[in-house]
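Working notes, structure below.
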Amino acid sequence: MKAATLLRAGLVVLLLTLVLRPELATPLLAPLAPPDGPVIYERASLLSLSLSHLGLVALSSLAATAVAVTLAVLVTRPFGAAFRPLARTVTNLGQTFPPVAVLALAVPVMGFGAGPTLVALFLYGLLPIFENAMAGLTALPPATLDAARGMGFSRWRQLRRVEIPLALPVILAGVRLSVVIALGTATIGSTVAARTLGEVIIAGLLTSNTAYVVQGGLVVGLFAVLIHDALVQLERRLTRR
Amino acid sequence: MIEIDGITKRYGDTTAVDAVSMTAQTGTITAIVGTSGSGKTTLLRMINRLVEPSKGEVRINGTPTSAIKPHLLRRRIGYAIQGHGLFPHHSVARNIGAVPQLLGWSPDKIRARVDELLDLFSMAPDEFRDRYPSDLSGGQQQRVGVARALASRPDLLLMDEPFGALDPIIRARAQDDLRRIQRALGSTIMLVTHDMEEAIRLADRIAVMDAGKLVQHGPPADIIATPATPFVAEMVGEADRPLRLLSLIPVTEIAEDGAADGPPLPADATLRDALSACLWTGRSALPVVGASPAHVTLDAIRARVGGHG
Amino acid sequence: MSAPGVAFALTGLALLLAPFMTLAANRIVAGEGVAPWAVAPMAAGLPGLLAIGVGLMLGLVRALPRLRLGGAVLGLAGAVWLLAAGGPSLLEGADQYARVSPGAGFWGLLAVFVLLMADALAQLNPGPAARAGLLGLGLGGLAILLGSGALADLSVAQEFAGRSDAFVAATLRHLALAFGSLATAALIGFPLGLLCHRRAGLRGAILPLLSFLQTVPSLAMFGIMIPLLSWLAATLPAARAIGIAGIGFAPAFIALVLYSLLPVVGNTVAGLASVPPPANEAARGMGMTPPQRLYRVELPLGLPILLTGLRIVLVQNIGLAVIAGLIGGGGYGSFVFQGLNQTATDLILLGALPTVLLAMVAAIVMDILVDLSRPKGRA
């Protein structure tokens, strides 16, 4: 436990250094840069790229969570039962769509920029959250639901007080999955001119500057790992309660 | 003959089974009774070496089990467990034939043996051979589980709470079946249970385990009449003691010549049945079915079990 | 009445108001939308429009799933008919660089009919053999349609015509990346999963490490492979000799293998753990050796979950292999990223459409295999 906390703190410090004071990493990255080439990405500040990257992910994930959970609640009510098989099919089919393909297919419709990235992240993010919310809401212990009904809970109250809280850890696991995919897909968003950390990696690939590639890769990787870890901790806390 | 000789199992500082010694004669049923955590299951699992003993030895017909490779040893010992442990992906026939197949029997011989066992357990072979465990009722699954354990005609059959998952009526029927089949085949059985009633009903000898130690080992009547420790007495149940004892004695043992009025008792009834019928009908004597007129009296029953203080 | 059917019909009718095709002056500029009734002369276009309408109506009847399936097929045929009729008619008299493409209306209707088909199939619940047959029919129909040249006027087809050799090479490379990494991951992952199953300590160490790898964004993973492999190629002549280099196939392949390990190992462990404990105990108690237990009890019972792991990997890797296009690894990704660079929409489609099709076919085939692997007697 203590080692894990220490490791976590170390990774946070490393990430903050790379984002806020990237020049400190020059000695480490210099051997990877082409001779006489630049070592540290300077066309944009890593901080602004990080904020824009995280902003895209946060916005799309929030919207996806709201829409997916609402849909899952509707489909698991008696009146939505007719749409349940269809909903399952759509999630199964939809998840075979590669995230990159969703991004690429959004461009012809929406043009370049942050727009298609946001839409692709949102659409792709819906599926794991919806799937988990469905699973969470349909796998509740029947005895608990019976007890709630027996106590005279109204449907709305039962949903708010019993069903959602019990399904929350499963829903959160879906959100985590979705956020991790979004962080990765947003990186590729820079190929369609969205401002994300992928820009650094792509610039490195285009100019054969491995220092850029490693710098961008490390920052994105650290963000993903730390955010994933934070969400896992949150889930654990909720499950324990 | 099964000889258990000073067998001990330690896990770290705790001793699960503490220097247990006992002998089971060929063709008998021994019930190992105890509360959960008493070490009874560990003791059983040391016999087929699913648990390796820390100390001591088990000999089957004189051969120490440690002299045989564990998997070869287990093929010679039948093993039936609670929840039957049938392979869900194999048909009834394949389940029953599993050990013979491991032993390399010919397919014809296996098929014949499977049908024989299904017949023995009153399950029509044509109907059940190709079914899967999920198609069977709980009682049928349990019977297939025991049939599988008997398939290779093992020297010894180990049973761990074999009837634990069954409801009371089916359990009673399964116990009768087991007793009948054991008598027919002359098998040697060691059975673990937490249910003293079951032990009394089935066993020739009962071994009571408490906190890893064997506290008493003897015929059911002895265990009931003279419990060695307060724990054994508690297992037997103070209030049920006389009834348990009566249930071990057939009416024929104390039947007297001469007729009596009232509904007759069957010849295989126990004294417990006789007492119950006497009380229920309000008579002090009842006739017993037999070649010549016979009857059993309340006084005789009282005399047979009374006199304990 | 089928509630989803009503939703499909309403959406479908609304989509008929959207531009069905677009006509552009060349392959770069955005096209202008053309309504479905205007893409072709009435005589040529009417059968298509009618089929679309009838298909949507047939989808409404809840009690007759076969009829709904028929409606979906009819509707798809209608949309394709209209597309095929619209190509030559829109290009007639247009400039030689002009391009026609399917528009939002076509894609929307395609989605509606595919969903209608999926909904009807979910109702019919066909067995594995029937699903394989339907998949075969569908792919056969698609092959005949593409081979017939009926859609050759479409812009995507023209992009293809210009680089059919490159397309074949990209297909082979994409398949090599996806299936090669799957096979490698299976070769490493099965034994590793088996070890993790047997030893809880190893499981506690390996699974978190693999899930950590899975978390690293793909572009970062592919990127980080580059310096690692160039270093390897520079220091080990043997590595260079077998074709390992900083960019190209090798880094993409290795990144995909690393991503595949978690689903393979995780599902192997889950599959082996799904064996009912009493069955395992009985197998041990009757004297099966560990290999006998593995082959007779654990593997047959865990196989569906094991194969589900491979399904996840295959679908995931077909998608991720697109990223290889960014680091010179080839595959359909090279078209996608070239297309993005040139803002040539149809080149993007030339890479994205086959990727999506491949992923879906892989998912359907793997689902059939998972169903077939389910042991008899176990639901």
Side-chain angles (χ1 to χ4, degrees), chain A residues 32 79-83 85-90 92-93 95-105 107-109 111-112 180-181 183-188 190-193 197-198 200-202 204-206 208 210-214 216-225 227-229 232, chain C residues 2-4 7 30 62 101 104 107 114-115 118-119 121-123 211-212 214-224 226-227 230 246-247 315-316 318-323 325-328 332-333 336-337 339-341 343 345-346 348-349 351-353 355-356 359-364 367:
Chain A
L32 298 172
F79 56 80
F83 285 90
L86 179 66
R88 290 229 166 83
T89 316
V90 173
N92 278 342
L93 218 61
Q95 280 175 332
T96 61
F97 266 72
V100 197
V102 178
L103 185 65
L105 292 175
V107 170
V109 185
F112 284 80
V180 167
I181 296 173
L183 277 165
T185 312
T187 318
I188 304 160
S190 59
T191 57
V192 301
L197 287 162
V200 186
I201 303 176
I202 304 272
L205 291 174
L206 292 179
S208 307
T210 309
Y212 283 1
V213 174
V214 171
L218 267 180
V219 173
V220 181
L222 284 172
F223 268 124
V225 168
I227 290 174
H228 177 264
D229 179 61
V232 169
Chain C
S2 151
R62 190 170 140 218
S101 305
W107 295 120
V114 166
L115 286 178
D119 196 36
L121 282 175
Q123 256 181 305
S211 98
F212 164 83
Q214 189 88 350
T215 312
V216 178
S218 43
L219 191 57
M221 178 81 95
F222 281 70
I224 289 169
I226 294 175
S230 357
I247 58 163
V315 171
Q316 167 191 290
I318 289 172
L320 283 177
V322 173
I323 318 262
L326 268 181
I327 58 169
Y332 293 133
V336 171
F337 292 112
L340 288 171
N341 272 338
T343 66
T345 301
D346 296 301
I348 300 177
L349 287 181
L353 289 180
T355 311
V356 170
M360 280 193 179
V361 172
I364 295 171
D367 279 341

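Numbers restart at 1 for each chain; the letters A, B, ... are given by sequence-line order, proteins then strands. The structure displayed is predicted, hence computed values, not measured ones.
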As an exercise: rank C:Ser211, C:Gly339, C:Ala220 by heavy-atom pairs under 4.5 Å with chain A and give me the winner.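 Option with the top pair count is C:Ala220.
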
Considering all heavy atoms of both residues, which atom of [X] and which atom of [Y] are nearest to each other, and what is their separation?
X	Y	result
C:Pro217	A:Gly184	CB-CA, 3.5 Å
C:Val315	A:Gln95	CG1-O, 4.2 Å
C:Ala359	A:Thr96	CB-O, 3.2 Å

Measuring from atom [atom1] of [X] to atom [atom2] of [Y], what distance do you get when rounded to the nearest 0.5 angstrom?
X	Y	atom1	atom2	result
C:Gln316	A:Ile181	CD	CD1	9.0 Å
C:Leu121	A:Thr89	CG	OG1	9.0 Å
A:Leu183	C:Leu219	CG	CG	13.0 Å
A:Leu222	C:Thr215	CG	OG1	12.0 Å
C:Ile348	A:Leu103	CD1	CG	9.0 Å

Would you mind telling me which of [options] has the largest number of heavy-atom pairs within less than 4.5 Å of chain C?
options	result
A:Thr210, A:Asp229, A:Ile227, A:Val225	A:Val225
A:Val214, A:Thr191, A:Val180	A:Thr191
A:Val200, A:Thr187, A:Val219	A:Thr187

Check whether [X] gets within reach of chain A through its side chain, its backbone, both or neither, counting any heavy atom under 4.5 Å.
X	answer
C:Ala122	side chain
C:Phe337	side chain
C:Ala321	neither
C:Thr343	both

Would you please test C:Val114 and A:Leu93 for side chain to side chain contact (heavy atoms under 4.5 Å, CB included) and show each step? CA-CA 10 Å; C:Val114 166; A:Leu93 218 61; 4.0 Å; yes

If you define the side chain from C-beta out and look only at heavy atoms, does anything of C:Leu320 sit under 4.5 Å from A:Pro98? no

Counting only heavy atoms not in C:Phe212, do more than 12 sit closer than 6.0 Å to its CZ atom?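 Incorrect, the count does not exceed 12.
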
Return yes when atom CZ of A:Phe223 has more than 12 non-hydrogen atoms of other residues, nucleotides or ligands closer than 6.0 Å, and no otherwise.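 Yes, because the 6.0 Å sphere around CZ of A:Phe223 holds more than 12 heavy atoms from other groups.
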
Given that the side chain runs from C-beta out, which part of A:Val220 has a heavy atom under 4.5 Å from chain C: side chain, backbone, both or neither? both

Heavy-atom contact with chain C under 4.5 Å, split by part of A:Leu86: both

Please name all residues satisfying side-chain hydrogen bond (donor to acceptor under 3.5 Å, both in side chains) with C:Asp367, sequence neighbours left out, ordered by chain then number. C:Arg311

Going by ring-ring contact (aromatic ring centres under 6.0 Å, His included), name the residues that satisfy it together with A:Tyr212, two or more places apart in sequence or in a different chain.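 ring-ring contact (aromatic ring centres under 6.0 Å, His included) check on A:Tyr212 returns A:Tyr41.
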
